[in-house]
Visitor: 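Please see the structure below; I have some questions.
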Protein chains: 2
Amino acid sequence: MAKQNRTAITPTRDTDYNEWFQQVIKGADLAENAPVRGCMIIRPHGYALWEAVQKAMDRRFKETGHENAYFPLLIPLRFLEKEADHVEGFAKEMAVVTHHRLEGKDGKLVPAGELEEPLVIRPTSETIIGEAFARWIRSYRDLPLKINQWANVMRWEMRPRLFLRTSEFLWQEGHTAHATEEEAREEVMTMLEVYREIVEEHMAIPVICGAKSAGERFPGAVDTFTIEAMMQDGKALQSGTSHYLGQNFAKAADIRYQDAKGDWEHCHTTSWGTSTRLIGGLIMTHSDDDGLRVPPRMAPEHVVIVPIMRDDSQRDMVMEYAEKVAAQLRDVRFDDERTRVRVDSRLIQSSEKRWDWVRKGAPIILEVGPRDIEEGKAAFTRRDQVREKKQFLTIDEIAGNLEDTLWNIQSTLFDQAKEYRAARSRDDITTREEFEAYFNELKGNTFNATGGFVKAWWCESAESEESLKELAVTVRCIPLDQPGGTGTCVLTGAAATRMAIFAKSY
Amino acid sequence: MAKQNRTAITPTRDTDYNEWFQQVIKGADLAENAPVRGCMIIRPHGYALWEAVQKAMDRRFKETGHENAYFPLLIPLRFLEKEADHVEGFAKEMAVVTHHRLEGKDGKLVPAGELEEPLVIRPTSETIIGEAFARWIRSYRDLPLKINQWANVMRWEMRPRLFLRTSEFLWQEGHTAHATEEEAREEVMTMLEVYREIVEEHMAIPVICGAKSAGERFPGAVDTFTIEAMMQDGKALQSGTSHYLGQNFAKAADIRYQDAKGDWEHCHTTSWGTSTRLIGGLIMTHSDDDGLRVPPRMAPEHVVIVPIMRDDSQRDMVMEYAEKVAAQLRDVRFDDERTRVRVDSRLIQSSEKRWDWVRKGAPIILEVGPRDIEEGKAAFTRRDQVREKKQFLTIDEIAGNLEDTLWNIQSTLFDQAKEYRAARSRDDITTREEFEAYFNELKGNTFNATGGFVKAWWCESAESEESLKELAVTVRCIPLDQPGGTGTCVLTGAAATRMAIFAKSY
């Protein structure tokens, strides 16, 4: 097969990393740019990945005592004005609704019906949910209040990139209110762990859990915690955050409760969120030069069966066999469900189909032709071993091993990503000189460009964080997992009690 | 109990139907008005009902070969201009985004960064999905293309009403493209049947399936089919529609495919949708003067256990018993899942709790107190029999009958709604005089006001449909189920071949 000699995606990661990312998305039919700049159309194969994230997360949210609700898309300007810090911090680029009608004029449509007060499309729902919490909470008996919302949000992006940074994106935002700091902080860490679990155990993306530095904290938060993943170009992707907001938001939004003694107290609130950005992280973590690779727990199809026939006369016979194989495999359970098996009956060349599913990242591809029928066999390809020799296995063998094979692919993808991160991480950089040399080497945007995570002692001073800007490097997090003891700050030489992860980032 | 003597909701349906509806929603914590006029906040108990609709529908959509995708919220004006009919028809009241930034000015935030082309928040995604279909479809091999989207949409409402008519609402919209009219028409009827199935069999709302008249058809559609439900004030609620769009939209959006001979043809397209309006329908169909009643298949909680204790010393003992009962009941399966049982451990009066769950419509409420423990009993209330005497049953009896009881409540609610509809339907009106007299009697907006469905022969002329306007009556549908033969039009006296359903409507 001609394609065996070249990659299924052009260019390769090494040639042009950014363009490779676009082509992986295109080759797997995941998403495309929408007619409105900065927005995207999420195609079915991409949306199925988001549905897998939603399903796994939603179950864990409910198991941890949260309820879903829905708050309005549009937010009055006065809500944002209340929260000056918040607005200054990140929310200036917003879509503003100023009219509520269109009228025909000279064969064109023009805005009419100007609103008395402009409305913004939610960049996040902090303010509008805060207003509701203030009405709903009266007594300590109403606490804790633990709400999640699945929604679209919008932040006008000047440099959009599919999944990673789009003007509109899909996300979930959790918002909770508690009587005590202790309970609110416990909630923050519980949700960080839920994120870690889903991202590592379902998406097979290794992450570092840690606290954000003062400079990277959510505006208004007392503490922000994050899960940070490494992409294949060595950059970090913030993949989920969980914030302890103290009483700051409760004071701004007047969220108070009457305690058992009858005194009024401000609540301690939290918020936490993840978005379709996670799908960008999955693509950049697992894809190779042949396209996407989907961890089995996330895969819309675990097994794709490609029927092969020389001509139309063989069609019925081969299709019947393919459906029989599919039925047998669907009896196998994986991850508490029946395996998802698809027979690709499209009227296109079978070699085209095979490479299509390689690019789409199906964990297992089986090819079945007339000769396989009597032997009860199939040509078996694991997506993570697509460049190795095809195996010809009996269907009984395949079915018998299917559950194990899928778990093995799942852990292989996770392990490969973990090894990759280890190979591009440094913990031996101790001086600013070495630090600058390391990050200055980072050139272009290719897969192999030097750069990655530097783990080093840090004094946590505002000045030292500010000084990173000229290197376009940020503190990604101060890992929860610390060695203890003290060290010398890699940036300033001052005494330090904790180590931090430094990296370039998306 | 004092409350036994009065209703749990004030006012009653009979006194003020519209206000009763608001109070049912409030009493069950389903939703509330948002700070932005016409928008709503869907509270957890209301959102759980929507999740139940989503779950049931999404499964059926997938089983019938559809895939979910996501299209952008914002639509460029030029897309709407292309589709002049479409715009004239219904889509003028739309939220228009004209700026992409906010700037501080004199301590206020003001819109800045004016867009070159204004964008509207989707009132429906027909145009933007059409543009994508035109790019995705090249060959007959790409057909059928069957997509669904779960999304929020917006149509500026001047007379909003929670769930039934809100500026922003949640919905699903299916969009499909086919090679032939026959296949497209089959799709339209398949999805109408999916809607009927979910609405009747899950939501327990009886509906009449039929075709829309020319005057009520979706703008641009060749045929619109609908499921029409009757609310308790005798008005009709259009609860779901499925459209055969012919080649009209395909021509406007240039959706073409190359057939097997290499000729280019326009596709035949369909669209179909349902929304959070269904939740309004559920409330108005099943609620009584004590609040909401939720059909068990839709219920967030099948059974709520209310622990009763005289004082704190009994708390541990009663709570332990309540949890034991809950565990036993959860082992019972209903509708292919474990039953959903909730112990209400809130720190409020138990009688308050009981009435709270009556208003929230939990199908079964159990009260357990210290005396029940040794006998292994509970006070058992069916929501649909809340005004009858409480039964004291053993937990074994309750568990043994639980599945049957839930199915019985499900069918009871459906049967009651069907009987109610029959009682308020007339098929004996044969002249315009009788017809006008019947609808003119309809006064005020109370539960008992005369009015309902009139089934009568109709000539289907545009003039006769136009003449209904002065009565504020519309043709709800021409039922699929027809008696055959011919008759005399109730409006004009002309010959008619089909009967129609006439009613006032939401």
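Predicted, not measured: the structure shown is a model, and the values here were computed from it. Chain naming here is simple, since letters A, B, ... match the order of the sequence lines and numbering starts at 1 in each.
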Visitor: If you measure from SG on A:C39 to CD1 on B:I75, what distance do you get to the nearest 0.5 Å?
Guide: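 Reported to 0.5 Å precision, the distance equals 11.0 Å.
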Visitor: Please determine, among A:G46, A:P300, A:P111, the option with the most heavy-atom pairs under 4.5 Å with chain B.
Guide: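 Ranked by heavy-atom pairs under 4.5 Å with chain B, first place is A:P111.
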Visitor: Heavy-atom distances under 4.5 Å only: say whether A:L115 touches chain B with side chain, backbone, both or neither.
Guide: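 Contact with chain B is through the side chain of A:L115 alone.
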Visitor: Counting heavy-atom pairs closer than 4.5 Å to chain A, which one of B:L77, B:V36, B:N152 comes out on top?
Guide: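 Counting heavy-atom pairs under 4.5 Å, the top option is B:N152.
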Visitor: Which one of A:Y47, A:Y70, A:W50 has the most heavy-atom pairs closer than 4.5 Å to chain B?
Guide: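 Top count of heavy-atom pairs under 4.5 Å with chain B: A:Y70.
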Visitor: When rounded to the nearest 0.5 angstrom, what is the spacing between CZ in B:R37 and NE2 in A:H100?
Guide: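 It comes to 9.5 Å.
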Visitor: Given heavy-atom pairs under 4.5 angstrom as the criterion, report whether the side chain, backbone, both or neither of B:M154 touches chain A.
Guide: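 Contact with chain A is through the side chain of B:M154 alone.
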Visitor: Within the 4.5 Å heavy-atom criterion, are A:M94 and B:V97 side-chain neighbours or not?
Guide: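 With C-beta onward as the side chain, the pair stays apart.
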Visitor: Please identify, among B:I147, B:I129, B:D29, B:I41, the residue contributing the most non-hydrogen atom pairs under 4.5 Å to chain A.
Guide: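 Of B:I147, B:I129, B:D29, B:I41, B:I41 has the most heavy-atom pairs under 4.5 Å with chain A.
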Visitor: So do the side chains of B:R346 and A:R141 get within less than 4.5 Å of each other, counting heavy atoms only?
Guide: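 Answer no - side chains too far apart.
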Visitor: I'd like to know which of B:A95, B:P76, B:A34, B:P35 tops the heavy-atom pair count under 4.5 Å against chain A.
Guide: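 The option with the most such pairs is B:P35.
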Visitor: Starting at CZ of A:R101, measure out to CD of B:E93 and round the result to the nearest 0.5 Å.
Guide: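 The distance works out to 5.0 Å.
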Visitor: Determine whether the side chains of A:W150 and B:E51 contain a donor N or O and an acceptor N or O closer than 3.5 Å.
Guide: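 Checked: A:W150/B:E51 side chains show no N/O donor-acceptor pair below 3.5 Å.
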Visitor: Please classify the contact of B:E32 with chain A as side chain, backbone, both or neither, using a heavy-atom distance under 4.5 Å.
Guide: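 Interface part for B:E32: side chain.
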Visitor: Is chain B contacted by the side chain of A:R43, its backbone, both, or neither, given a heavy-atom distance below 4.5 Å?
Guide: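 Backbone plus side chain of A:R43, per the 4.5 Å heavy-atom cut-off to chain B.
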Visitor: Tabulate, in ascending numerical order, the residues of residues 54-69 of chain A having at least one heavy atom closer than 4.5 Å to a heavy atom of chain B, or enter 'none'.
Guide: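 Expected list: A:D58, A:K62, A:E67, A:N68, A:A69.
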Visitor: Just give me the residue among B:L119, B:V120, B:N148, B:L170 that pairs up with chain A most often, heavy atom to heavy atom, under 4.5 Å.
Guide: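 Winner by heavy-atom pair count: B:L170.
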Visitor: Does some side-chain heavy atom of B:Y140 sit less than 4.5 Å from a side-chain heavy atom of A:L347?
Guide: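 In short, these two side chains touch, coming nearer than 4.5 Å.
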Visitor: Is it the side chain or the backbone of B:E131 that comes within 4.5 Å of chain A heavy atoms, both, or neither?
Guide: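 The side chain, not the backbone.
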Visitor: Indicate yes or no: at least one non-hydrogen side-chain atom of A:K108 is less than 4.5 angstrom from one of B:E81.
Guide: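 Contact flag for A:K108/B:E81 side chains = yes.
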Visitor: Report which part of B:I121 has an atom under 4.5 Å of a heavy atom belonging to chain A: side chain, backbone, both, or neither.
Guide: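 Side chain of B:I121 only, per the 4.5 Å heavy-atom cut-off to chain A.
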Visitor: Decide side-chain contact (heavy atoms from CB on, under 4.5 Å) for B:L74 and A:E168; before the verdict, give the C-alpha distance in whole Å, the side-chain angles of both, and the deciding distance to 0.1 Å.
Guide: CA-CA 9 Å; B:L74 299 180; A:E168 182 189 12; over 6 Å; no
Visitor: So what's closer than 4.5 Å to chain A heavy atoms on B:P72: side chain, backbone, both or neither?
Guide: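 For B:P72, the contact with chain A is made by backbone and side chain together.
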